[in-house]
Amino acid sequence: MADNARAKRLADLIREVVAQKLQRGIKDPRLGTNVTITDTRVTGDLREATVFYTVYGDDEERAAAAAGLESAKGVLRSAVGAAAGVKFTPTLTFVADALPDTAKTIEDLLDKARASDAKVREVSAGAAFAGEADPYKKPGSDDETDIAADADETDDATE
């Protein structure tokens, strides 16, 4: 079993080789400049590699890019094997990265929260306090001396 540092180095190498080969070596029009390799993970035994990618475009272009990557898998694995120099070249699995969709969902939720905050600010702009502006009594205020005087009077009445 390989150590994690070796698996990380191999994953980085695979990411670089696949990205470079997609940019310069593969002539498939489905894999134009709109495919980006975002991450690569290698299992602990260095036998399988998962390559995450994103595609700039609509669903049709994403499906075409997925088909193009599947058809170019053998060429890409050969390039990785030549560059890595390991005893067994890992099998490549291509997975569409969900990061852009997740980021879009988070942006939509933040926009909704901003709109809600703006609505609350708008409603509260002309609002006044239900009681006084400062409902807490301050030391040395007139109200406190009146309360103390009332307490003295009740003490005198009970004696």
Side-chain angles (χ1 to χ4, degrees), residues 1-139 141:
M1 179 125 175
D3 60 346
N4 288 336
R6 185 173 181 200
K8 175 76 172 124
R9 282 193 315 267
L10 183 60
D12 291 342
L13 178 72
I14 291 171
R15 185 180 68 239
E16 290 173 15
V17 169
V18 168
Q20 189 175 45
K21 192 72 172 170
L22 285 176
Q23 186 178 19
R24 296 194 185 114
I26 306 284
K27 301 297 182 202
D28 193 343
R30 299 174 291 185
L31 300 175
T33 58
N34 56 353
V35 176
T36 304
I37 304 301
T38 56
D39 193 18
T40 306
R41 295 188 184 143
V42 178
T43 58
D45 61 357
L46 306 179
R47 295 280 180 146
E48 298 175 15
T50 305
V51 180
F52 295 93
Y53 68 94
T54 59
V55 178
Y56 182 73
D58 58 357
D59 290 335
E60 185 178 307
E61 290 175 349
R62 288 185 188 123
L69 286 170
E70 281 300 314
S71 69
K73 190 184 285 190
V75 174
L76 294 172
R77 185 174 180 212
S78 297
V80 167
V86 291
K87 183 176 183 180
F88 182 81
T89 303
T91 58
L92 301 178
T93 305
F94 292 97
V95 176
D97 199 352
L99 184 69
D101 296 332
T102 305
K104 183 176 179 351
T105 304
I106 290 172
E107 280 298 319
D108 291 344
L109 290 172
L110 288 174
D111 288 341
K112 197 183 286 186
R114 285 186 198 104
S116 175
D117 287 348
K119 188 184 289 186
V120 167
R121 248 183 267 114
E122 184 179 303
V123 168
S124 68
F129 293 105
E132 298 175 14
D134 188 11
Y136 300 105
K137 300 198 182 290
K138 305 240 185 313
S141 68

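Both backbone and side-chain heavy atoms feed into the values below; hydrogens, waters and symmetry mates do not.
- Between the side chains of Thr38 and Asp97, at least one donor N or O sits under 3.5 Å from an acceptor N or O.
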| said: For a side chain to side chain contact (heavy atoms under 4.5 Å, CB included) check, start with the C-alpha distance between Val18 and Val80, then their side-chain angles and the critical distance, and finish with the verdict. | reply: CA-CA 7 Å; Val18 168; Val80 167; 4.0 Å; yes
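- Side chain of Ser116 to backbone of Lys112: no donor-acceptor contact under 3.5 angstrom is found.
- Contact between Ala65 and Val35 at its shortest, heavy atoms only, is CB-CG2, 3.9 Å.
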| field | Full working for salt bridge (Lys or Arg N to Asp or Glu O under 4.0 Å) between Asp12 and Arg15 | value | CA-CA 5 Å; Asp12 291 342; Arg15 185 180 68 239; 3.3 Å; yes
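- Side-chain contact check for Leu69 versus Tyr53: some heavy-atom pair is nearer than 4.5 Å.
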| said: Determine whether Glu122 and Lys119 satisfy the following criterion, salt bridge (Lys or Arg N to Asp or Glu O under 4.0 Å), listing intermediate values before the conclusion. | reply: CA-CA 5 Å; Glu122 184 179 303; Lys119 188 184 289 186; over 6 Å; no
| message | What verdict does the salt bridge (Lys or Arg N to Asp or Glu O under 4.0 Å) test give for Arg114 and Asp111, after you've listed the backbone C-alpha separation in whole Å, the side-chain angles of each residue and the deciding distance to 0.1 Å? | response | CA-CA 5 Å; Arg114 285 186 198 104; Asp111 288 341; 2.8 Å; yes
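- Here Glu107 does not pair with Lys104 in a salt bridge; the nearest charged N to carboxylate O distance is not below 4.0 Å.
- We find the OH-OG1 distance between Tyr56 and Thr36 to be 11.0 Å, quoted to the nearest 0.5 Å.
- Taking every heavy atom of both residues into account, Leu46 and Ala7 meet most closely at CD2-CA, 3.7 Å.
- Screening Ile37, Thr50, Val42 for a side-chain contact (heavy atoms from CB on, under 4.5 Å) involving Ile14 leaves a single residue, Val42.
- Comment: Arg62 does not engage Asp58 in a salt bridge, judged by the lack of any side-chain N to carboxylate O separation of less than 4.0 angstrom.
- The shortest non-hydrogen separation linking Ile26 to Ala72 is CD1-CB, 4.1 Å.
- Taking every heavy atom of both residues into account, Thr89 and Arg77 meet most closely at O-NH2, 2.6 Å.
- For the pair Pro90 and Leu10, the tightest heavy-atom approach, listed with the atom from each and the gap, is CG-CD2, 4.1 Å.
- Side-chain contact between Asn34 and Glu61 is present, with at least one heavy-atom pair separated by less than 4.5 Å.
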